[in-house]
Amino acid sequence: MARMKPQALLIQSKRKKGPTRISAKTIIICNLIVVLIVLCLVVTYRHWSHSQRSNEQIGNESSTVEDDAYAASKKFDLPGHAVLNTSKGYIIVELFKDGSPETVDKFIDLCQKGYFKGMSFHHVIKNYVIQAGHSKDLAAADEWTSRGKIRSQLRTSPKHEAFMIGTVKSKDSKGFELYITTAPIPDLNDKLIVFGRVVKGEDVVQEIEEVDTDEHYQPKSDVGIINVTLKHEI
């Protein structure tokens with residue numbers, strides 16, 4: 001039998017070999033590995049996204065807490081009382097910092113600027129109200145008087161008892177008018193912002209109330225505020 005040449009054997013060997021087949025088990029294992037990798041990536045992304053949201057929420061909460069703390073500290077630092085030095089004596093007022101914060105802020109700011117220094121009580125209505133300010137509108141007194149005639153028909157509001165201090169609600173009004181009630185005025189809820197109450201010097205308010213006035217309820221003699229001093233405690 002003749003021997004085959006090495007080159008012929010190599011050619012014959014290549015012809016006999018078929019393509020290598022990958023088993024189903026190997027394919028399943030590879031697919032599982034791919035799935036595990038994808039799951040790991042998804043879990044990692046979700047954890048990172050949750051951490052980012054948590055950090056933002058914590059930052060927002062911290063900012064809110066800081067803002068609230070600043071507002072609380074600012075409110076605490078505001079003076080709680082005002083001493084009105086009038087031509088008849090001293091009137092000490094407790095300011096409602098929680099009940100009327102914006103009005104109290106404005107009142108304090110004006111006090112610090114000396115706005116009320118030398119201000120006159122230009123309307124005095126006995127058993128009703130005394131009014132200080134720069135307004136000289138005589139029609140206002142008539143309105144207040146007409147309201148006073150029907151006040152006995154209305155229910156009394158504790159917020160508008162006697163010796164409360166307030167200002168008008170209208171944003172169009174010029175300046176800052178001061179009203180000190182000398183009797184309950186429940187019908188002024190729609191007009192008056194009460195931002196404090198007299199805690200000492202009620203007798204001074206009553207003395208101002210007793211001054212002689214003309215037919216327009218304007219005092220015949222000068223009576224007014226000399227200055228206003230702010231205090232944290234009395």
Side-chain angles (χ1 to χ4, degrees), residues 82-96 100 103-104 106-107 109-111 113-229:
V83 180
L84 280 61
N85 180 15
T86 75
S87 53
K88 297 292 185 179
Y90 291 95
I91 302 171
I92 299 176
V93 176
E94 177 189 359
L95 302 176
F96 297 159
S100 305
T103 306
V104 169
K106 184 176 180 180
F107 174 76
D109 181 59
L110 292 174
C111 287
K113 293 177 179 178
Y115 178 80
F116 301 102
K117 187 175 182 179
M119 179 179 285
S120 298
F121 286 99
H122 56 76
H123 283 108
V124 174
I125 306 175
K126 192 173 181 180
N127 297 322
Y128 198 55
V129 69
I130 61 176
Q131 178 185 357
H134 298 297
S135 172
K136 298 298 181 181
D137 184 10
L138 300 181
D142 295 333
E143 181 185 1
W144 283 69
T145 307
S146 63
R147 287 178 175 274
K149 292 177 182 178
I150 63 171
R151 70 175 183 270
S152 60
Q153 304 172 9
L154 302 172
R155 184 177 300 177
T156 300
S157 168
K159 191 174 183 181
H160 291 92
E161 289 289 348
F163 304 113
M164 293 293 180
I165 184 170
T167 189
V168 290
K169 284 185 176 181
S170 176
K171 295 181 179 179
D172 298 330
S173 61
K174 297 179 181 179
F176 193 99
E177 298 288 305
L178 284 181
Y179 296 88
I180 302 178
T181 62
T182 60
I185 309 177
D187 52 315
L188 291 182
N189 284 323
D190 59 336
K191 291 281 187 179
L192 199 66
I193 300 175
V194 172
F195 64 91
R197 65 186 179 94
V198 177
V199 293
K200 190 174 182 180
E202 294 92 337
D203 57 329
V204 176
V205 175
Q206 291 173 333
E207 189 174 349
I208 296 173
E209 183 187 25
E210 293 295 331
V211 299
D212 291 332
T213 61
D214 60 19
E215 65 274 16
H216 298 296
Y217 303 97
Q218 292 182 305
K220 293 180 178 180
S221 58
D222 291 337
V223 55
I225 300 171
I226 298 171
N227 56 52
V228 179
T229 304

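What you see below is based on every heavy atom in this structure, not just the backbone, and it leaves out hydrogens, waters and symmetry mates.
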If you compare all heavy atoms of [X] against all heavy atoms of [Y], which two are closest, and at what distance to 0.1 Å?
X	Y	answer
F195	L178	CZ-CD2, 3.7 Å
I91	G201	CG1-O, 4.0 Å
P219	V211	CB-CG2, 4.1 Å
E161	T181	O-OG1, 2.7 Å

Does the distance from a Lys or Arg side-chain N to an Asp or Glu carboxylate O, for K126 and E209, drop under 4.0 Å?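 Salt bridge flag = no for E209 with K126.
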Residues in side-chain contact (heavy atoms from CB on, under 4.5 Å) with D212, at least two apart?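 D212 satisfies side-chain contact (heavy atoms from CB on, under 4.5 Å) with K220 once adjacent residues are dropped.
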T182: which of I125, V205, V198, V129 passes side chain to side chain contact (heavy atoms under 4.5 Å, CB included):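 Of I125, V205, V198, V129, side chain to side chain contact (heavy atoms under 4.5 Å, CB included) with T182 is met by V205 alone.
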Of V93, V228, I92, N227, which meets side chain to side chain contact (heavy atoms under 4.5 Å, CB included) against V83?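 Only one of V93, V228, I92, N227 forms a side chain to side chain contact (heavy atoms under 4.5 Å, CB included) with V83, namely I92.
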Which residues satisfy the ring pair (Phe, Tyr, Trp, His ring centres under 6.0 Å) test with F121, sequence neighbours excluded?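 By the ring pair (Phe, Tyr, Trp, His ring centres under 6.0 Å) rule, F121 matches no residue at all.
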So, using ring pair (Phe, Tyr, Trp, His ring centres under 6.0 Å) as the criterion, who are the partners of F116 when residues are at least two apart?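 Applying ring pair (Phe, Tyr, Trp, His ring centres under 6.0 Å) to F116 gives F107, F176.
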Within a strict 4.5 Å, meaning less than it, do heavy atoms of the Y179 and H123 side chains meet?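 Not in contact.
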Check: [X] side chain, [Y] main-chain N or O, donor-acceptor pair, under 3.5 Å:
X	Y	result
T167	E177	yes
S87	G224	yes
T86	I225	no

Looking at D222, I want to see if its CG is surrounded by more than 12 non-hydrogen atoms of other residues, nucleotides or ligands under 6.0 Å.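 At most 12 heavy atoms, drawn from other residues, nucleotides or ligands, come within 6.0 Å of this atom.
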Nearest 0.5 Å, please: how far is NZ in K106 from CD1 in I193?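 Reported to 0.5 Å precision, the distance equals 8.5 Å.
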